[in-house]
Structures are given as C-alpha cells and as structure tokens.
Amino acid sequence: MKPFRFTLESVYRLRQDAVDRANDHLAHEMLQLKREQQNVDQIEERIEQAREGFREAMSSGAQSGLIVQLRQFMVSLEQERTNRQSTLEAYQARVDACQKALIVARRKLETMEKIKTKRLREHEAKWSSEEQRELDELMVRGSASDLRVDYA
C-alpha cells in the first residue's frame, strides 16, 4: 500500500503553529492580568490602612496638618487605584481578545484535522479496494487455470 501523504500538510502545520502562538500569547496576557490584579489588591490594602490611620488621627484629635496630609494621601491612593483599575480592565479586554483568537485558531485546526482524517480514510478505502481487486483478479486467474482442459 502506498503511504498516505496529506497534500495540505503545510497548511495543517501553519494552523498548529497558530494555535501554539495563540496559547502563548494568552498565557502572557493572563500573566500580566494577574500581576495587575495583584497591584490593585495591594493598592486596596494600602487604602484600607490609610483609612484606619485617618480614623485614628480624627478620633485622637491630631493636628489639622496631619489630617490634611492623610486625606491627600488617601486621595492619591484612590487616584492610583482608579488608574490601576482601568489598566486591569484593559488587560482583561486583551485576555478576552486572546481567548477569542485562540478559539478561532482551534476551530481552523479542527477543520484541517477533519479534512486530514477524511482524506486518510479515502486513501485507505482506495488502497483497500485496489488490493481487493488484485486479489479477485488473482483468484479469477487461478480458477481459470484450474479449468483448462487438456485435449490431447
């Protein structure tokens, strides 16, 4: 039997590479998303600590200058949290886009796999029928040679 050769093998490999690249890109973006989420969490912890310090300063009757500084620090932390949150949302959008791209790449690869499988089955069926035809022909030839009658 002649070995199977998939004529679209280069396209199949390109699609495999596209899936691999999409997976790598998604992993990279997810890592950045995780890091940014950690940054947001750290900022929120710092904001909570600043609020506690502000409450303590207010309840202990600290100087107004210290209270104003604490309030300004809290405002700057809130602004940083807002900035980090918008950056986090941007990373989330990039992760979502990467996931969609990965789904598209996988679907294209699956299509190629289906084509490859179909062509392999066709190849096997073709060679199987040819082998069967050759066997049938040998059987017919063998039967014909047994039927020869010697008229001598």
Would you give the length of the straight line joining atom [atom1] of [X] to atom [atom2] of [Y], rounded to the nearest 0.5 angstrom?
{"X": "R71", "Y": "S76", "atom1": "CZ", "atom2": "OG", "result": "10.5 Å"}
{"X": "E122", "Y": "E124", "atom1": "CD", "atom2": "CD", "result": "11.0 Å"}
{"X": "T87", "Y": "L33", "atom1": "OG1", "atom2": "CG", "result": "11.5 Å"}
{"X": "E134", "Y": "E137", "atom1": "CD", "atom2": "CD", "result": "7.5 Å"}
{"X": "E131", "Y": "W127", "atom1": "CD", "atom2": "CH2", "result": "8.0 Å"}
{"X": "R46", "Y": "F73", "atom1": "CZ", "atom2": "CZ", "result": "4.5 Å"}

Listed partners of [X] passing side chain to side chain contact (heavy atoms under 4.5 Å, CB included), at least two apart:
{"X": "N39", "answer": "E36, Q42, R84"}
{"X": "L31", "answer": "R35"}
{"X": "M30", "answer": "L26, V95"}
{"X": "R15", "answer": "V11, K108, L109, M112"}

Inset, instruction - Decide side-chain contact (heavy atoms from CB on, under 4.5 Å) for E44 and E48; before the verdict, give the C-alpha distance in whole Å, the side-chain angles of both, and the deciding distance to 0.1 Å. - result: CA-CA 6 Å; E44 289 179 356; E48 190 56 39; over 6 Å; no

With the 4.5 Å side-chain cut-off for hydrophobic clustering, are [X] and [Y] part of the same group?
{"X": "M74", "Y": "I47", "value": "no"}
{"X": "V19", "Y": "I103", "value": "no"}
{"X": "V40", "Y": "Y91", "value": "yes"}

Inset, instruction - Any chance you could lay out the side-chain contact (heavy atoms from CB on, under 4.5 Å) test for R55 and M58, step after step, and finish with the verdict? - result: CA-CA 5 Å; R55 281 188 226 121; M58 291 292 288; 5.7 Å; no

Legend entry - Selection residues 4-35 - residue pairs positive for ring pair (Phe, Tyr, Trp, His ring centres under 6.0 Å), sequence neighbours left out: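 Counting only pairs at least two positions apart or across chains, the ring pair (Phe, Tyr, Trp, His ring centres under 6.0 Å) contacts touching residues 4-35 are F4-H123.
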
Inset, instruction - Please tell me if the side chains of L88 and Q37 come closer than 4.5 Å, counting only heavy atoms from C-beta onward. - result: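 Answer yes - side chains close enough.
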
Inset, instruction - Scan side-chain atoms only and decide if Q16 and D20 contain a donor-acceptor pair under the 3.5 Å cut-off. - result: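 There is no such pair between these side chains.
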
Inset, instruction - Determine, for E78 against R81, whether the closest basic-nitrogen to carboxylate-oxygen distance falls under 4.0 angstrom. - result: yes

Legend entry - Residues forming a salt bridge (Lys or Arg N to Asp or Glu O under 4.0 Å) with R21, sequence neighbours excluded: none

Inset, instruction - Search all heavy atoms of G53 against all heavy atoms of L70 and return the closest pair with its distance. - result: O-CD1, 3.8 Å

Legend entry - Working for side-chain contact (heavy atoms from CB on, under 4.5 Å), residues V75 and Q79: CA-CA 6 Å; V75 168; Q79 182 62 38; 5.6 Å; no

Inset, instruction - Determine whether more than 12 heavy atoms belonging to other residues, nucleotides or ligands lie under 6.0 Å from atom CZ of R121. - result: no

